[in-house]
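Below you'll find the structure, written out as structure tokens, and then a few comments.
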Amino acid sequence: MFRDNTKEVKIGNKVIGAGNPIMIQSMTNTKTEDVEATVAQIKELEAAGCDIIRCAIPTIEAAEALSKIKEQINIPLVADIHFDYKLAIAAMENGVDKIRINPGNIGSIENVKAVVDVAKERNIPIRVGVNSGSLEKPILEKYGKVTAEGIVESALDKVKIIEDLGYDNLVISIKSSDVMMCVKAHELIAEKTNHPLHVGITESGTITSGNIKSSIGLGLILNQGIGDTIRVSLTGEPLEEIKSAKLILKTLGLRSGGISVVSCPTCGRTQIDLIGLANKVENMVTKYDDLNIKVAVMGCVVNGPGEAREADIGIAGGKGEGLLIKKGEIIKKVPEEELVNVLEKELKTWGK
């Protein structure tokens, strides 16, 4: 069921599904029991563009910390629960906006019902999550190995358990570290359910490999009209997940706003620190999400001025210096060390 036709689900002050904008999620890597550290990280992620944040709840202390965390943040808070159904109940009692569970690993149907009853009472959405690495034995025996079909069957079995208990305020998550298997699984499940889908490539790896796998996997899935929320799962700081997710959505034309930075590859003609310059500019422009423009960072006189002219504003390097080019016109020549500051000065007054 493509995203325009999925069910609408309210998560705190955000709404997903039914054609609403795709939300970016991440997960804290602090100890949830450490309220101060967790809040600080969430605020940093929120400022970077995170729409929904999830925290691991391995202990009752973590569940009880959620109420203190929630009162200090502005984005919806999701509790990630495994094995102990009582932690899911405690998380909801402490005001969490959504819970993530796998009904297959929290015990008996009575335990699942206890969780669903509280969710129903408080109208708290449940994200039903199934990973390829946690498929139950009968599914593995049926298909002979982990398959996209098995992942989908397992997820829909879990969804049916909750629906049979009279609750359908659900989000589905099916993840695999095998990119093409994950793509196929989403194609299959989109034909079988209208619950919103949270999309990601799980255990995708470090920043380099994880970004490549996530970009390919999420790109193939999202471009088919599938997916209502996303997470780029990286072995690194959560802030990197937000940067990557925003760029994936913008590249696919699924999110507008914010500055797009283009920069040329280095070569033997480059006579400035182009790599350092491009990284400084990319970090600097994150403060200007209200601008919807293209910024070029070019390294030499061959393609630099031409490419920079195609952008709204750009800098093109020479030998220890560079040009500031705005709306196709060369504005001035400045020393290399002043290029970023001069560019930022222009961004601060853009459109004024």
Side-chain angles (χ1 to χ4, degrees), residues 21-26 44-51 199 207-208 210-223 227 229-232 234 236-267 270 272-300 302-317 322-331 334 339-352:
I22 297 168
M23 297 283 111
I24 294 172
Q25 300 194 28
S26 186
E44 182 182 34
L45 293 170
E46 181 184 340
C50 182
D51 298 306
V199 182
I207 289 177
T208 299
N211 270 324
I212 292 171
K213 289 180 181 178
S214 293
S215 297
I216 293 171
L218 289 172
L220 289 169
I221 294 166
L222 294 171
N223 199 47
T229 73
I230 63 168
R231 180 190 176 191
V232 176
L234 300 175
E237 289 302 315
L239 196 61
E240 296 297 327
E241 299 185 353
I242 306 305
K243 293 178 184 177
S244 299
K246 288 171 69 175
L247 187 53
I248 288 170
L249 291 178
K250 285 166 67 175
T251 302
L252 291 168
L254 295 170
R255 181 173 286 210
S256 60
I259 294 175
S260 173
V261 177
V262 295
S263 59
C264 64
T266 59
C267 72
T270 306
I272 62 171
D273 177 19
L274 179 64
I275 296 173
L277 194 61
N279 283 324
K280 286 178 183 177
V281 170
E282 194 165 69
N283 287 327
M284 180 266 288
V285 301
T286 59
K287 296 182 287 186
Y288 300 96
D289 255 3
D290 56 323
L291 299 180
N292 187 15
I293 61 173
K294 181 188 285 188
V295 172
V297 183
M298 298 296 150
C300 78
V302 175
N303 295 318
E307 293 289 346
R309 284 193 184 98
E310 289 184 15
D312 296 286
I313 190 168
I315 48 180
L323 299 174
L324 174 69
I325 301 172
K326 184 177 180 181
K327 297 182 178 178
E329 300 293 330
I330 295 175
I331 304 300
V334 297
L339 281 169
V340 176
N341 290 336
V342 167
L343 177 60
E344 183 164 19
K345 185 176 179 182
E346 292 289 332
L347 296 179
K348 285 179 178 177
T349 59
W350 191 270
K352 296 179 181 177

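In this chain, residues are counted from 1 in sequence order.
The backbone N or O of A48 sits less than 3.5 Å from a side-chain atom of K246, completing a donor-acceptor pair.
Taking 4.5 Å as the limit, every side-chain heavy atom of L291 sits out of range of all side-chain heavy atoms of D312. Side-chain contact check for I325 versus M298: every heavy-atom pair is 4.5 Å or farther apart. Counting only heavy atoms from C-beta outward, the side chains of R255 and I22 never approach each other to under 4.5 Å.
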Note to self: As a quick check of understanding, evaluate side-chain contact (heavy atoms from CB on, under 4.5 Å) for L239 and L45, giving each step before the final call.
What the structure shows: CA-CA 6 Å; L239 196 61; L45 293 170; 4.2 Å; yes
Next item on the list: For the pair N283 and K243, evaluate side-chain contact (heavy atoms from CB on, under 4.5 Å) and give the outcome as yes or no after the intermediate values.
Entry: CA-CA 10 Å; N283 287 327; K243 293 178 184 177; 3.5 Å; yes
Checklist line | Residue pair V342, I331: steps toward the side-chain contact (heavy atoms from CB on, under 4.5 Å) verdict | finding: CA-CA 11 Å; V342 167; I331 304 300; over 6 Å; no
Margin query: One pair to check against side-chain contact (heavy atoms from CB on, under 4.5 Å): I24 and V232. What are the steps and the verdict?
Written below: CA-CA 9 Å; I24 294 172; V232 176; over 6 Å; no
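Exactly one of I248, I230, L249 qualifies for a side-chain contact (heavy atoms from CB on, under 4.5 Å) with L254. That residue is L249. The one candidate from V334, L339, I330, I313 that meets the side-chain contact (heavy atoms from CB on, under 4.5 Å) condition with L324 is I313.
Residues R231 and L218 share a closest heavy-atom pair of O-CD1, 4.3 Å. The two residues S244 and N211 come nearest to each other via the heavy atoms OG-OD1, 2.5 Å. Residues G49 and I242 share a closest heavy-atom pair of C-CG2, 3.7 Å.
Residues meeting the side chain to side chain contact (heavy atoms under 4.5 Å, CB included) test with I275, sequence neighbours left out: T266, D273, N279. Take K326 and apply the side-chain hydrogen bond (donor to acceptor under 3.5 Å, both in side chains) test, not counting sequence neighbours, and it matches E346.
For the atom pair CG (L220) and OG (S215), the distance works out to 10.5 Å, reported to the nearest 0.5 Å.
Enclosure of atom NZ in K280 is not indicated, since only 12 or fewer non-hydrogen atoms of other residues, nucleotides or ligands lie within 6.0 angstrom.
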